[in-house]
Amino acid sequence: VKHFVRHRAAHKVASPLAFAFDIDGVLIRGDNALPPAKRALSIIDGNNEFGVKIPYILLTNGGGVSESTRCHELGQQLGVKIDPEQYIQAHTVLKSVVHQYADLPVLVLGGNGDTLRKVAQGYGFKQVYNTLDVLAWNPSVWPFHSLTTEERTSVKITDFSNVCIAAIFVFHDPRDWALDIQVMCDVIESGGIIGSPYIPHHTRKSVDLIFCNPDLVWKSDFARPRMGQGSFKEAFQAVFKSLTGAPHPYTQYGKPTRATYKFAEHMLRNRFLGNSFSGSSVYMVGDNPESDIAGANTAGWKSILVRTGVYEPRQGPPRHRPTHEVEDVEQAVRWALEQAF
Ligand code: G3P
Ligand code: MG
């Protein structure tokens, strides 16, 4: 150790490792930072026996607001400064595909009113609609949701009989599943124009469907995991198949997909590790074997599973075996430093 510290001091050796931290169930639960999280972030900020600052990114299937807004919120919760250049959320990866839809009408689901519209516009989508806009246009689209005064202030007044939706993007976890599933079915079954006559599958214009988070469940501050966007996707596909005979084809982003981990590797390489990047030097710390551990293992990263989130040992071994299993993120960081130095 002393040799490394002298060598590093003399030659400014880059850190031999980097972390990718999941958020929900690892660093926070609901609005509350987990105590081991603050200790772990302090250790990698240089408060370790090697005196080395360890680079890290945050890699979450969460979202719903802009990256800068979430980084500010997380910084407040965790007591550190988090830069948007080290933060990837469920829909960040859409920045790499927006060029295909920039000038086309798209339906964006999964957030509060205008907030997500502004996030999508910030990525470069120019014609962004949501299901509340549709309800404002024609309340009979879904008679069981009356727009609140606040919702009414956030809608974009539109005549959807003149709009042909090209794609549906589920950015984050939908709030009104029934309204959203109804509008998704209307858009897809009519080839994009809500309320126009049903067009049989083999003759209608196909509407692209993109989900950004496959998590069936996630760990909030409730005792048991909560349903995530993956459960919404199952609900939509079950209804659509019952109505039309088959589920609708879709594109999936978010952990554990290769697209999201490649996007993360690009960020790690550009910001921290340069050409010395090697997947094996990245330690992913997560609570969900189906997303965090599966994605890291496929990417050739090291994976550390913690017991503070979705994974519960009493339910038996994880389907995706991690490199190592520990109680919490502080133990994960300490173990990784021991491996790397
Ligand atoms: O909606 C967020 C949830 O699905 C998972 O978040 O941070 O555990 O990837 P995270
Ligand atoms: Mg998690």
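Both ligands and their constituent atoms are indexed starting at 1 by order of listing.
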- prompt: Taking Asp45 as the fixed residue, which of Lys81, Lys38, Lys53 is the one that meets the salt bridge (charged side-chain N to carboxylate O under 4.0 Å, His left out) rule?
  reply: Lys53

[X] and [Y]: side chain donor to acceptor below 3.5 Å:
| X | Y | value |
| --- | --- | --- |
| Gln339 | Lys302 | no |
| Ser281 | Ser278 | no |
| Asp176 | His145 | yes |

query: Salt-bridged, Glu312 to Lys219, with N to O below 4.0 Å?
result: no

- prompt: Is the shortest distance from a Lys or Arg side-chain nitrogen in Arg39 or Glu330 to a carboxylate oxygen in the other one below 4.0 Å?
  reply: yes

Should [X] be counted as touching ligand 1, given the test is an N or O pair under 3.5 Å?
| X | value |
| --- | --- |
| Asn213 | yes |
| Asp173 | yes |
| Thr60 | yes |

query: In Asp22, the N, O or S atom nearest to the Mg ion (ligand 2) is which?
result: OD2

query: Hey, which N, O or S atom on Asp24 ends up closest to the Mg ion (ligand 2)?
result: O

- prompt: Which of the atoms of ligand 1 are close to His172, meaning less than 4.0 Å from one of its heavy atoms?
  reply: 1 (O)

For [atom], closest protein heavy-atom neighbour:
| atom | result |
| --- | --- |
| atom 6 (O) of ligand 1 | Asp24 OD2, 3.0 Å |
| atom 2 (C) of ligand 1 | Gly62 CA, 3.5 Å |
| atom 3 (C) of ligand 1 | Trp218 CB, 3.3 Å |
| atom 5 (C) of ligand 1 | Asp215 OD2, 3.3 Å |

Within the structure, is a non-hydrogen atom of [X] found at a distance of less than 4.0 Å from ligand 1?
| X | result |
| --- | --- |
| Gln229 | no |
| Gly228 | no |
| Lys255 | yes |

message: Taking N, O or S atoms only and a limit of 2.8 Å, check whether Asp287 reaches the Mg ion (ligand 2).
response: yes

- request: Name the option, out of Ile23, Asp22, Asp287, that contains the heavy atom nearest to atom 10 (P) of ligand 1.
  value: Asp22

message: Is it the case that atom NZ in Lys241 sees more than 12 heavy atoms from other parts of the structure closer than 6.0 Å?
response: no

- request: Provide the closest heavy-atom pair for Leu17 versus Pro55 in the form atom of the first, atom of the second, distance.
  value: O-CD, 3.5 Å

- prompt: When the ring centroid of Tyr101 is compared with that of Phe169, is the distance short of 6.0 Å?
  reply: yes

